[in-house]
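Note sheet for the following structure.
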Protein chains: 2
Amino acid sequence: MKPTATALQTADDSADTGAQQIRDAIRDAIVERRLSPGTKLSEGDVGNLFNVSRTLARAALQALSYEGLVSVEKNRGAFVAYPSPEEARQIFAARRLVEPGILREAAARIKPSQIQHLRQLLLEEGRLISERGQTARRAEIKASGDFHLTLASISGNAIMQRFMDELVARSSLVIALYGQSTISSCGHSEHGDIVAAIERNDLDEACRLMLHHIAHIEADLDLRERKSVGLREAFEI
Amino acid sequence: MKPTATALQTADDSADTGAQQIRDAIRDAIVERRLSPGTKLSEGDVGNLFNVSRTLARAALQALSYEGLVSVEKNRGAFVAYPSPEEARQIFAARRLVEPGILREAAARIKPSQIQHLRQLLLEEGRLISERGQTARRAEIKASGDFHLTLASISGNAIMQRFMDELVARSSLVIALYGQSTISSCGHSEHGDIVAAIERNDLDEACRLMLHHIAHIEADLDLRERKSVGLREAFEI
DNA sequence: GTGCAAATGATCGTATACAATTTAGCCGTC
DNA sequence: GACGGCTAAATTGTATACGATCATTTGCAC
């Protein structure tokens, strides 16, 4: 299972300012679930795909490993991360821990134009949900995460923003692996409720809704240990 | 101002498993303030210092830039990060936001042996404070951070732990730049108070103490904008 | 036919080499 | 004497090359 050209070549021919472009392209592919967890990302293949040397491919993969999106195994190669159930729990625990705080901070500094921006995001998200097709689905996944990231950006704390970047991206991986419901972002209306609570300055309610929202996402996961199904159980029906 | 051999060569001749060793050595040097903010870390120099090629030196510096300890400027090189007052504020805002949560999580899972471990850390910290000399001072800086990192490790959340790693390291940079009091870790007793509160299971009080502790550290900073002192003000006495 | 051992191929780890960019020094002109 | 442009040195950006490690398969013995 090697990454196909269609899975990765999105921002290909843009200026080659370095490994960053490659990193971003691969990250987008992972977040939008065009690349499945466990997919091997060999340095050579990635380099060929983007027409750069292994040096840059390696740098990009290394960067992604710091974000927890790919895992590099010594002398074996890089793979799209395959979060364990335990990791998944920790990711959502971290989100429960930081998102209320980010929300409070954001609500305290939010300006009318930014509320407007949030509302526009919700609209776009709603539009994508009603559309059909793979590309719409992928855009929807991204838009769903963008809501949380925008909140972090409004909070004005670049460090928390980067942290949320990581958490949202890794959440996408977890949902790809353990999500049950076919609908990817079941909680669209919940986003709207949160914005509404912010608008009427009811912070406690907004935080409550946020925690509920995160719990809702997590509840859709099936985090039972799957001991690499496929040895025997997969055929012993 | 290039990194001197004595500033970096700590774990030099140990096994060369890769760039990780170099990264850790430089990180320690930064956290213990043997390397001052703004110091240039050229790839060539770093490579020579550790007897490796520029490839590995570059990888190590790149990794440190992801942690915010080093800033790499395109075509200009890498420098020990020089956090702006605004960054400093964000770092501490982030700590205020996450540390109470980590503390609660840790307190909920803490085992007697881990309390023992914390107490031992405090003892060691106290011992270092009473000693004199540069090496003791540096060890003290590290020990002071280790308290917070140990708490994060007890929380059992690897993601939050990594995040705290970053925050504590960057805090050290900020204190090096903006700290006023000569004593580096004024809040040793506060650490003890927090452990005591945990021990008697008074979580609210523990969180309150933690927030107080962070505020105390931050209060010792002089975060006034210094517009690269040395243009004119430095001589216009 | 099964199991182990050596050879093969693919991939990674690191070093070196070359191109591009910046920085510093130098000289001529104003 | 100060300013501006030019050349040279130093440093980074990227590619390539070679040695090391791991996975796989081939072949042989049992």
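Atoms considered below: every heavy atom in the structure, side chains included; atoms not considered: hydrogens, waters and symmetry mates. Given the structure is predicted, the values throughout are model-derived calculations rather than measurements. Each chain gets a letter, A, B and so on, in the order its sequence line appears, and its residues count up from 1.
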Whole angstroms only, please: what is the [atom1]-[atom2] distance between [X] and [N]?
{"X": "B:D45", "N": "D:dA10", "atom1": "CG", "atom2": "P", "answer": "12 Å"}
{"X": "B:Q62", "N": "D:dT14", "atom1": "CD", "atom2": "P", "answer": "10 Å"}
{"X": "A:N51", "N": "D:dT14", "atom1": "CG", "atom2": "P", "answer": "14 Å"}
{"X": "A:F50", "N": "D:dG13", "atom1": "CZ", "atom2": "C1'", "answer": "19 Å"}
{"X": "A:L61", "N": "C:dT11", "atom1": "CG", "atom2": "C1'", "answer": "13 Å"}
{"X": "B:E73", "N": "C:dT22", "atom1": "CD", "atom2": "C1'", "answer": "12 Å"}
{"X": "A:I22", "N": "D:dT14", "atom1": "CD1", "atom2": "C1'", "answer": "11 Å"}
{"X": "B:E43", "N": "D:dA10", "atom1": "CD", "atom2": "C1'", "answer": "13 Å"}

My understanding is that only residues two or more places apart in sequence, or in another chain, count here; which of them pass side chain to side chain contact (heavy atoms under 4.5 Å, CB included) with [X]?
{"X": "A:S53", "value": "A:T55"}
{"X": "B:V72", "value": "B:S65, B:V70, B:A78"}
{"X": "A:Q134", "value": "A:R138"}

Can you tabulate the close N/O pairs, meaning under 3.5 Å, that link protein atoms to atoms of nucleotides 19-23 of chain D?
from	atom 1	to	atom 2	distance (Å)
D:dT21	O3'	A:N75	ND2	3.3
D:dA23	OP1	A:R76	NE	3.2

CG on B:D220 to CG on B:L223, rounded to 0.5 Å =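 So the gap between those two atoms works out to 10.0 Å.
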Terminal axes of the helix from C:dG1-D:dC30 to C:dC30-D:dG1 (5 end pairs apiece), angle rounded to 10 degrees, sit apart by 0°
Residues in side chain to side chain donor-acceptor pair (under 3.5 Å) contact with [X], at least two apart in sequence or another chain:
{"X": "B:R127", "value": "B:E124, B:E131"}
{"X": "B:Q114", "value": "none"}
{"X": "A:D24", "value": "A:R27"}
{"X": "A:S171", "value": "A:R95"}

B:S42, nearest nucleotide to its side chain (from D:dA15, D:dG13, D:dT11) | D:dT11
Closest listed nucleotide, where the reference is the side chain of B:L56 and the choices are C:dA15, D:dA15, D:dT12 =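 Per side-chain heavy atoms of B:L56, the pick is C:dA15.
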Distances under 3.5 Å between nitrogen or oxygen atoms of protein and nucleotides 16-19 of chain C:
from	atom 1	to	atom 2	distance (Å)
C:dT16	O4	B:T55	OG1	3.3

Angle class for the A:H148/A:H191 ring planes (parallel below 30°, perpendicular above 60°, tilted otherwise)?
->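 If you compare the ring of A:H148 with that of A:H191, the planes turn out perpendicular.
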Taking only residues at least two apart or on different chains, which pairs with a member in residues 143-152 of chain A satisfy salt bridge (charged side-chain N to carboxylate O under 4.0 Å, His left out)?
-> none
Listed partners of A:Y66 passing ring pair (Phe, Tyr, Trp, His ring centres under 6.0 Å), at least two apart = B:Y66
